[in-house]
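Read through the structure below, which is laid out as structure tokens, and then see the notes.
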Amino acid sequence: MPDWPGPDELDQPHREPTPLEKNQALVEWLEYQLRQVRGRIRELEVQEAQERRRREQARAEMSWKIQPQRSNATALLHRGNCTLYPARVGFINREDAMVALAEPDIHPCEICRPETGLTSA
């Protein structure tokens, strides 16, 4: 595609772009549009990932998890977001956590205090 007209070309009469020039301009515009759309897709992917992390965090805060018994240590009940036992799967609901806490071989975590979320409701 030709560059902008120079000073000596300004005095020349206007001419229609050739079909080749029109199609080259169209390709440049479409490539620009494609870059814009790809950028927007990247933004939306980031937003979606952030929203997914927020949902997972909210779910963890409303859940509990059991750390299995190891050797001679007892099993522990944790809040879903307790970092002492960072399991991201195996969440249990409130009712199951209440049953687990009633078991003699499962104790509440002394850091996240999961029983506080079970007794108030």
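- In terms of heavy-atom proximity, P114 sits nearest to W64 at O-NE1, 3.3 Å.
- Using a 4.0 Å cut-off between a side-chain N of Lys or Arg and a carboxylate O of Asp or Glu, E115 and R79 do not qualify as a salt bridge.
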(request) With side chain to side chain contact (heavy atoms under 4.5 Å, CB included) as the test, would you mind laying out the steps for H78 and I66 before giving the verdict? (result) CA-CA 6 Å; H78 295 274; I66 298 175; over 6 Å; no
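- Pairs engaging residues 43-52 under the side chain to side chain donor-acceptor pair (under 3.5 Å) rule: R40-E43, E51-R54 [sequence neighbours left out].
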Kindly list each side-chain donor-acceptor pair under 3.5 angstrom involving residues 103-112, sequence neighbours excluded, with atom names and distances?
| from | atom 1 | to | atom 2 | distance (Å) |
| --- | --- | --- | --- | --- |
| H107 | ND1 | T74 | OG1 | 3.0 |

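- For K65 (side chain) and C82 (main-chain N/O), a donor-acceptor pair under 3.5 Å exists by modelled atom type.
- Side-chain polar atoms of Q24 and E28 form no donor-acceptor pair below 3.5 angstrom.
- Here the CD atom belonging to E56 is positioned 8.5 Å from the CZ atom belonging to R53, to the nearest 0.5 angstrom.
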(request) Begin from the C-alpha positions of Y85 and L76 and carry the test side chain to side chain contact (heavy atoms under 4.5 Å, CB included) through to its verdict. (result) CA-CA 9 Å; Y85 181 59; L76 293 174; over 6 Å; no
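- In this structure, D96 contributes its side chain and I92 its backbone to no donor-acceptor pair below 3.5 Å.
- Contact between K22 and P17 at its shortest, heavy atoms only, is CE-O, 3.6 Å.
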